[in-house]
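Notes follow the structure.
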Amino acid sequence: MARKIIGGIPVSSGVAIGKAFFLNRRKGCIKPRLAIFDAEVSKEIERLEHAILVVRQEMEEVKSKIPPELKEHEAILNSHLMILQDEKLFGRAKEIIQKQHINAEWAIEKSVFELEKIFNALDNEYIKQRIQDIHLVAEKVCAVLIGSQKTIPKISERVILLAHDLSPTYTVFLEVDKIMAFATALGGKTSHAGIMARSLQIPAIVGVEGLEENIFDGELIILDGFEGKILIDPSEEELTKYTDLKYQFESYQALITRYCHLPAETIDGYQIRVFANIELFEEVTSVIDNGGEGIGLYRTEYSFLHRTDLPDEDELFEEYRDLASIMYPKPVIIRTLDIGADKVDNLFGQMEEANPALGLRGIRFCQKYKNIFRTQLRAILRAGVVGNLSIMFPMISGLHELQEVKRFYRQIQDELAKEGLDFNSDIPLGIMIELPAAVLIADLLAREVDFFSIGTNDLIQYALGIDRTNKHVSYLYQPLHPAVIRSIKHVVDAGHKAGIGVSLCGEVASDPFCVPILMGMEVDSISLTPISIPGIKRIIRQASMEECKELLNKVLNSQDVFESNKIVRDMIFSRFPEELTFYTSLVDDKNNE
C-alpha cells in the first residue's frame, strides 16, 4: 500500500508516475500590518503604484515570450493585466490607505477580502473560481512590496509538477516537455492549471488537500487524473496496476484521436453532429484538432470580465469576425451575454440581489442594459458577413420576452442598414432552453426561432431545485431524473414538430451514460468540451439507433431516478466495458445501494 493517498479535483484525465517536483509552496512571507501617519499616505500610495507597474511590466514581458503551444494563455495574462487596473481591487486598496491610514500590503489584503465575499455570493461556479486570479495578481503585487519575488527553479528531468498555485507567469518559463502532470493545492475545475494541462494533454488535479504537507521533493508518486488522487510512495502492486492503466489510456487516446474526424454516425446510419463549447478564441485549434464539426456554444462573457471598461463594437466585431472566418464553413453559434450585474459590479455598482441565480442575468440583463446588448448584436451582425454564424439568446422564460428581444434585434438591423454598414440579415436565431417555464411552452417558442439549444447544466438545477456545487445537496443533481428526461424529450419533440433543429449543450453531452438517451430522442446535435469530442464520437459510432430508442423507452417508463440509473449503467457497461475505464459520469446509483 502507498504511504498515503490524498485527493483533489480531476481536471485532465490520465495517469502519471514519477518524481514530485515543487514549483512553489504556500507563500512563506509574512505581510506586514502597519499603521501609518498622515504624512506617509502619499508615499504609501506611490509604493503601491510602483509595485503594480513592476508587475505589469513583468506580465507584458511574459506575454511577449509565450511559446506557440501555450498561446491560449495570452488571454489569461490579458485578464490578469485587467485585474491590475481594477478599481475594485487596487483602487479600493488606495482608498483604504487614505481612509484607514494603513500600509499597502494590509490594504490589499482587506480589498481582496471584500472581493472574496462578493464572489462567494455568486451562483456561477466558473465566475466564483475567478477569485483565484485575483489572489494570484494580489500576491504578485505584495511580493514586490515585500521584496520577495521568487525565481523559477530549474527542472533537470521529467517530473510531476506540484505547486501551491500555478500562474501564467510561471508556466510560460517552464520546460513543458519535462512535465508529465500537474497538481496544485489551490484551484477549481476552470483554474489555469487545468486549462494548461488540457492544452498540453497531460493529467492534472487541482485543489489537492494536504499536497504541500504530505509530499517531499523527489518522492515517487502516482497521479491519477481519472479519480483525482495522488498515491505517495506507492507499492509494487500499485505501480504495476497504474502502469498498465497508463498504457491502456495512451493507446485509447491514440485510437480515438486517429478517427476523431469521422462523422458521428451509428452502425445503422443515424448521424448526430458533434460541436464544441468554448469561451476563448484560442480554443479554436483544439476544436479543429479534436474533430469538432463546429462551435455549438461560444460563451461571450470572457470579454467583459476583469476590466474597468466595456468592450466597444469594433473590439467585439474583430473577435467574432476572426472566430467566424477561421471556422468557416463550419457553423459557430454565439450566445449573447449571459451575465449578471453582480459579475461586473465594477462597471454597474454592487447590486442588492438576495438570490442572483434568480435575478438580473442572461437576457434580463441585456434587456435592462440595452446599450451593451446593442453593441454586441451590431458586432455579431457585422461579423456574420464573413462566416457561418448563428445567434442564441440565453435564459428565455416567455413568449412576450422573446418577441421583445426579436423586435430589438430588428431595430439593430435597421440601424446598420441606414448607416450603410455591411451585415448579414439572415443569421439564424435560437434560444437556450434552460428554464422549466421555457420547457412547458416549447411549442410556442419554437414558432419564433430557427433552433433550440438545451442547456442542461442550468435546466437540471432549476428543475430539481438544487445547487450542484453545494456539498449538502449535490447528490440530488441527477440528469436521469424522470422530470429531467421528460423535459428534454418534450423540448426535442416540440422543436421537431415545428421543423427546427434541437441541440444540447452542457456536461450531459459529454457523458457516455447520457448520450445514448439523447440519441434515442433524436437530438440533432450535441455540444461539449473539445477534448471530450473524440471519445464521445467513438461511442456513437459503436451504438445503434435501435438500442438507443429501446434504452430511452425503458428510462421513460422507469418509476424513479435510481431505477433509471441502474437501467442505463447496466446497458452501457455491457456495451462499452473497455471505454468506460476512462470516463467519469454524472449518473450515480450509489444512493440506491
Side-chain angles (χ1 to χ4, degrees), residues 72 198-199 201 253 255-300 320-335 380 383-384 386-392 424 427-430 432 450-456 492 495-496 500-512 514-545 548 579:
E72 70 183 67
R198 287 190 292 272
S199 67
Q201 297 189 331
Q253 285 292 100
L255 176 66
I256 63 175
T257 302
R258 192 179 310 138
Y259 298 107
C260 72
H261 295 284
L262 293 175
E265 184 175 317
T266 64
I267 56 179
D268 49 359
Y270 175 78
Q271 195 168 123
I272 182 170
R273 301 189 75 183
V274 181
F275 298 139
N277 300 333
I278 67 169
E279 59 198 325
L280 299 175
F281 176 81
E282 291 77 12
E283 293 177 275
V284 168
T285 302
S286 182
V287 176
I288 296 168
D289 290 347
N290 284 293
E293 298 171 57
I295 295 171
L297 170 61
Y298 183 59
R299 302 181 179 98
T300 56
Y320 304 152
R321 178 199 61 196
D322 292 348
L323 179 66
S325 60
I326 199 169
M327 289 300 298
Y328 187 80
K330 294 178 179 179
V332 174
I333 299 176
I334 296 181
R335 183 180 70 186
I380 298 172
V386 300
N388 185 5
L389 291 184
S390 296
I391 297 174
M392 181 162 64
N424 183 351
I427 291 179
L429 297 181
M432 293 281 289
D450 301 302
F451 65 93
F452 283 158
S453 183
I454 305 171
T456 53
V492 174
H496 287 169
I500 66 172
V502 182
S503 179
L504 185 141
C505 57
E507 291 184 48
V508 166
S510 58
D511 191 328
C514 298
V515 169
I517 303 289
L518 305 177
M519 292 167 62
M521 296 180 190
E522 298 188 18
V523 166
D524 299 292
S525 61
I526 55 176
S527 193
L528 47 152
T529 55
I531 200 168
S532 301
I533 290 173
I536 291 299
K537 271 191 165 186
R538 176 173 164 80
I539 285 174
I540 292 170
R541 287 198 298 271
Q542 295 179 80
S544 74
M545 197 59 180
C548 290
E579 314 273 344

I would like to know whether Phe281 and Ile326 meet side chain to side chain contact (heavy atoms under 4.5 Å, CB included); could you show each step before the answer? CA-CA 10 Å; Phe281 176 81; Ile326 199 169; 4.3 Å; yes
Non-neighbouring partners of Ile391 that pass side-chain contact (heavy atoms from CB on, under 4.5 Å), sequence neighbours left out: Thr336, Leu377, Ile380, Phe393, Tyr409, Ile427, Leu429
Just do the side chain to side chain contact (heavy atoms under 4.5 Å, CB included) check on Met392 and Tyr298 with the steps written out, would you? CA-CA 9 Å; Met392 181 162 64; Tyr298 183 59; over 6 Å; no
Residues pairing under side chain to side chain donor-acceptor pair (under 3.5 Å) where one sits in residues 263-272, two or more places apart or in two chains, turn out to be Glu265-Gln271, Thr266-Asp268
Quick check: closest heavy atoms across Val287 and Ala276, and the distance to 0.1 Å? CG2-CB, 3.7 Å
Salt bridge (Lys or Arg N to Asp or Glu O under 4.0 Å) partners of residues 514-526, not counting sequence neighbours, each pair once: Glu522-Lys549
What's the shortest heavy-atom distance between Val515 and Ala509, and which atoms? CG2-O, 3.3 Å
Ser325 side, atom OG; Leu389 side, atom CG - distance, nearest 0.5 Å: 9.5 Å
Would you say that His496 contacts Val492 through its side chain, given a criterion of any heavy-atom pair below 4.5 Å between the two side chains? yes
In this structure, CZ of Arg335 is separated from OG1 of Thr300 (nearest 0.5 Å) by 7.0 Å
Would you say Asn290's side chain and Pro534's backbone share a donor-acceptor pair under 3.5 angstrom? no
If we only count heavy atoms from C-beta on, is the Pro530 to Ile278 side-chain gap below 4.5 Å? yes
Of all residues at least two apart in sequence or in a different chain, which pass the side-chain hydrogen bond (donor to acceptor under 3.5 Å, both in side chains) check with Ser525? Ser503
Determine yes or no for a side-chain-to-main-chain donor-acceptor pair under 3.5 angstrom, with Ser390 supplying the side chain and Ile334 the backbone. no
Determine whether Leu323 and Ile295 make a side-chain contact, defined as any pair of heavy atoms from C-beta on separated by less than 4.5 Å. yes
With side chains defined as the heavy atoms from C-beta onward, is the minimum distance between Pro331 and Phe275 less than 4.5 Å? yes
What residue pairs, at least two apart or across chains, pass salt bridge (Lys or Arg N to Asp or Glu O under 4.0 Å) with a residue in residues 323-334? none
Evaluate the side-chain proximity of Glu283 to Thr529: yes if any heavy-atom separation is below 4.5 Å, no if none is. no
Under 3.5 Å, is there a donor-acceptor pair between the side chain of Ser453 and the main chain of Met432? no
For the student: nearest non-hydrogen atoms of Cys260 and Asp289, plus distance: SG-O, 3.5 Å
Got a donor-acceptor contact below 3.5 angstrom from the Lys537 side chain to the Val274 backbone? no
Pair Phe452, Ile500 - check side chain to side chain contact (heavy atoms under 4.5 Å, CB included), show working. CA-CA 7 Å; Phe452 283 158; Ile500 66 172; 4.0 Å; yes
Excluding sequence neighbours, so at least two apart, what forms side-chain hydrogen bond (donor to acceptor under 3.5 Å, both in side chains) with Thr257? none
Would you say that Arg299 contacts Asn277 through its side chain, given a criterion of any heavy-atom pair below 4.5 Å between the two side chains? yes
OG of Ser527 to CZ of Arg273, rounded to nearest 0.5 Å, is 11.5 Å
Using the side chain to side chain contact (heavy atoms under 4.5 Å, CB included) rule, take Ile272 and Ile540 through it: C-alpha gap first, then chi angles, then the decisive distance, then the call. CA-CA 8 Å; Ile272 182 170; Ile540 292 170; 3.6 Å; yes
Just wondering, do Ile526 and Ile536 contact through their side chains at under 4.5 Å, heavy atoms? yes
Pairwise side-chain contact, Met521 with Leu504, heavy-atom cut-off 4.5 Å (strictly under): no
